[in-house]
Peer 1: 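Structure in structure tokens, see below.
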Amino acid sequence: MTIRLYDTATREVRDFVPLEAGKASLYVCGLTVQSEPHVGHVRSAVNFDVLQRWLRFRGHDVTFIRNITDIDDKILAKSAEQGRPWYNLAYAMKIELDKAYAALNVAPPTYEPAATGHIPEMIVLIEELIARGHAYPAADASGDVYFDVRSWPSYGELTHQGIDDMEPAADADPRGKRDPRDFALWKGRKESEPTTASWPSPWGAGRPGWHIECSAMAGKYLGPAFDIHGGGVDLRFPHHENEQAQSRAAGGAFASYWMHNAWITTAGEKMSKSLGNTLSIPAVLQRVRGVELRFYMVAAHYRSHVEFSDQALDEAAEGYRRIESFLERAGVGRETSLVEEVAQQPSRDQIPDAFAAALDDDLGTPAAVAVLYDAVREGNRRLAAGDDVTDVAASVAAMLEVLGVHPHDPAWAASASSNDTEERLTAAVDVLVAGLLDERTQARADKDWARADAIRDRIKSAGIEVTDTPDGPTWTVS
RNA sequence: GGUGGGUUGGCCGAGAGGCGAGGCAACGGACUGCAAAUCCGUGUACACGGGUUCAAAUCCCGUACCCACCUCCA
């Protein structure tokens with residue numbers, strides 16, 4: 001069974017054939033760490049995390065590089081506004097990003113290079129491009145170096161655009177460009193910029209352009225040719241087009257497949273434009289747990305645009321809880337070794353064929369989730385009949401693990417918002433409620449239904465739902 | 001102007017020529033002292049107008065509306 005992926009470059013779903021059998025190399029553009037991450041940002045991370053998990057499941061040895069851009073115009077502008085050093089802002093936001101990834105159970109990549117750590121590699125690449133006649137230092141004294149798009153005939157191939165069809169750049173400051181579409185590989189330092197934001201180069205002090213960063217880092221860690229390059233749809237142009245042009249102009253084959261995830265928007269607007277931070281990860285995690293947010297994302301296809309809404313999020317969380325409660329009812333606890341094993345390495349025979357087929361088909365997580373629900377229903381049916389559900393529970397657990405939404409994944413505990421105080425409160429409430437439930441059990445034994453219901457109502461008025469099970473009553477916060 | 005994507009039942013969200021993905025909600029039934037949970041059942045939805053076909057949500061033509069990208073937004 002082969003994995004099939006939609007390739008933006010060829011605009012079709014095609015078989016994934018890695019450059020080297022049994023391996024998969026993946027480069028994903030991470031974030032520019034300039035503000036708190038919001039749900040839109042993490043969608044990309046969640047998507048490629050699922051891809052990575054599936055590639056591994058399918059037997060590929062995955063090398064996954066996801067960079068962070070820690071120097072750019074916005075970081076400089078924002079840090080100046082906030083009156084703190086740019087590197088402090090970038091570092092602080094990088095920490096926030098790490099927290100968001102952890103909260104969503106996004107596994108760390110093989111390596112996460114930062115742009116500022118790879119200036120020498122970028123300079124070497126720029127020199128190569130100049131030597132090959134595809135780049136030139138600006139004619140003015142700016143110290144900029146540009147990529148010469150006219151020198152690279154296939155420029156525009158990734159996004160299927162002709163240079164002459166492109167809207168003329170509204171760029172008021174061509175700064176010595178030969179063509180307005182030429183883009184900066186190196187940006188000479190401006191008087192207004194802090195000296196800490198510049199590095200020495202053959203063209204004078206300055207900093208790298210955005211696109212060259214990814215070309216240099218992908219080249220360093222994955223080599224001149226690698227399998228998959230990913231990112232958000234907005235990066236197709238100019239960023240990925242430029243990356244490809246640079247890297248190929250420098251002699252590399254670059255990525256074999258291009259994958260782009262669609263947006264999450266609110267009120268029909270992309271989040272980078274919407275105001276406020278109500279959709280920042282910490283804010284959303286006030287409403288639902290990280291695992292529920294991840295499930296919400298995974299339940300939609302990565303190439304589908306998602307209109308974020310609290311209602312849809314709550315519904316997804318509701319659905320997720322049904323899966324979770326099946327595992328509980330099936331007796332799958334944290335201690336169950338079977339599930340622990342599955343969590344470590346979901347084995348092939350525990351994954352239903354339909355689930356695997358769904359993921360093989362361009363990461364069809366919605367269809368995979370449907371298979372998951374089918375298994376849950378089957379499991380509940382058997383539970384009701386008093387039959388053994390070990391195999392179904394293991395199967396459900398394995399599917400959840402592949403999607404990265406297993407409720408007992410230690411990752412959730414590590415980043416859970418619940419703290420010590422909360423745990424002690426829960427324990428305290430448990431003692432109090434247990435006392436009331438004992439009274440109610442007695443009332444029920446006496447068939448004093450009025451009293452039993454009165455006790456239940458009293459508990460309910462405190463926001464606690466009581467459920468009777470064959471093993472006695474249980475409670476949850478409703 | 002160029003490029004790409006979209007419009008599916010009350011809501012979310014798959015599918016991409018025949019067989020009604022799935023979830024949430026709702027309603028009926030089973031179970032239950034009653035609930036809850038769970039299970040069973042209930043929906044003829046595919047923007048609009050034409051066309052192709054034995055058969056169209058799916059292909060073709062046209063129309064409307066929406067969104068994204070076109071030099072540093074995941």
Peer 1: Below 4.0 angstrom from OP1 or OP2 of B:C39, is there any side-chain N or O of A:N380?
Peer 2: yes
Peer 1: Could you tell me the Watson-Crick or G-U partner of B:G1, where both distances fall under 3.5 Å? Say none if there is no partner.
Peer 2: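 Base partner found: B:C70.
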Peer 1: Is there a side-chain polar atom (N or O) of A:R303 under 4.0 Å from OP1 or OP2 of B:G5?
Peer 2: no
Peer 1: Under the salt bridge (charged side-chain N to carboxylate O under 4.0 Å, His left out) test against A:R321, which residue among A:E292, A:E315, A:E465 passes?
Peer 2: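 Exactly one candidate clears the test, A:E292.
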Peer 1: Does A:Y101 have A:R66 sitting over its ring (NZ/CZ under 6.0 Å from centre, angle to axis within 45°)?
Peer 2: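 The answer is yes; both the distance and angle limits are met.
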Peer 1: Under 4.0 Å, counting only non-hydrogen atoms across every strand here, what does A:V466 touch: a base, just sugar-phosphate, or nothing?
Peer 2: base
Peer 1: Any N or O donor-acceptor pair under 3.5 Å from the base of B:C34 to the side chain of A:D468?
Peer 2: yes
Peer 1: Nearest whole angstrom, please: distance from the C1' of B:U3 to the CD of A:E157.
Peer 2: 15 Å
Peer 1: Among A:K78, A:Q34, A:R207, whose side chain to side chain donor-acceptor pair (under 3.5 Å) with A:D73 holds?
Peer 2: A:R207
Peer 1: What's the shortest heavy-atom distance between A:L400 and A:P407, and which atoms?
Peer 2: CD1-CD, 3.8 Å
Peer 1: Which one is paired to B:C59, where only Watson-Crick or G-U wobble pairs with both distances under 3.5 angstrom count?
Peer 2: B:G51
Peer 1: May I ask which nucleotide in the shown strands pairs with B:G22, Watson-Crick or G-U wobble, both distances under 3.5 Å?
Peer 2: B:C12
Peer 1: Would you say B:G23 has OP1 or OP2 under 4.0 Å from some side-chain N or O of A:R377?
Peer 2: yes
Peer 1: Distance criterion of 3.5 Å, no angle test: do you see the side chain of A:D453 paired donor-to-acceptor with the base of B:G33?
Peer 2: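 Checked by distance alone, the answer is yes.
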Peer 1: Under 4.0 Å between a side-chain N or O of A:S304 and OP1 or OP2 of B:A14?
Peer 2: yes
Peer 1: For B:U3 and A:R236 - does any side-chain N or O of the residue sit under 4.0 Å from the phosphate oxygens OP1/OP2?
Peer 2: no
Peer 1: For A:R456, answer base if it contacts any base atom (sugar-phosphate contacts may also be present), sugar-phosphate if it contacts only those atoms, and nothing otherwise; contact means non-hydrogen atoms under 4.0 Å.
Peer 2: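 Base: the residue A:R456, judged by heavy atoms under 4.0 Å, touches a nucleobase.
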Peer 1: Please classify the nucleic acid contact of A:H301 as base, sugar-phosphate, or nothing, using heavy-atom distances under 4.0 Å.
Peer 2: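 It contacts sugar-phosphate atoms only.
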Peer 1: Between C1' on B:C11 and OH on A:Y296, what's the gap in Å once rounded to a whole number?
Peer 2: 12 Å
Peer 1: B:G33 base to A:R444 side chain: any donor-acceptor pair below 3.5 Å?
Peer 2: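 Yes, the side chain and the base share a sub-3.5 Å donor-acceptor pair.
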Peer 1: Should B:C65 form a Watson-Crick or G-U wobble pair with both distances under 3.5 Å, which nucleotide is its partner?
Peer 2: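 In the structure as shown, B:C65 has B:G6 as its Watson-Crick or wobble partner.
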Peer 1: Taking atom P of B:G13 as reference, at what distance in whole Å does atom CE of A:M297 sit?
Peer 2: 13 Å
Peer 1: Want to settle it: does A:S325 or A:T159 sit nearer the 5' end of RNA chain B, counting the closest nucleotide to each?
Peer 2: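 So the residue in question is A:T159.
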Peer 1: When the P atoms of B:G10 and B:A56 are considered, how many whole Å apart are they?
Peer 2: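 To the nearest whole Å, 23 Å.
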Peer 1: Can you check whether A:R322 has a side-chain N or O nearer than 4.0 Å to OP1 or OP2 of B:C24?
Peer 2: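 So the side-chain polar atoms of A:R322 do come within 4.0 Å of the phosphate oxygens OP1 or OP2 of B:C24, strictly under.
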Peer 1: On RNA chain B, does the nearest nucleotide to A:D361 precede the nearest nucleotide to A:G231 from the 5' side, or the other way round? Give the residue.
Peer 2: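 With A:D361 and A:G231 compared, the 5'-side residue is A:D361.
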Peer 1: Indicate the atoms forming the closest heavy-atom contact of A:P137 with A:W203, along with that distance.
Peer 2: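 Looking at all heavy atoms of both residues, the closest pair is CG-CD1, 4.2 Å.
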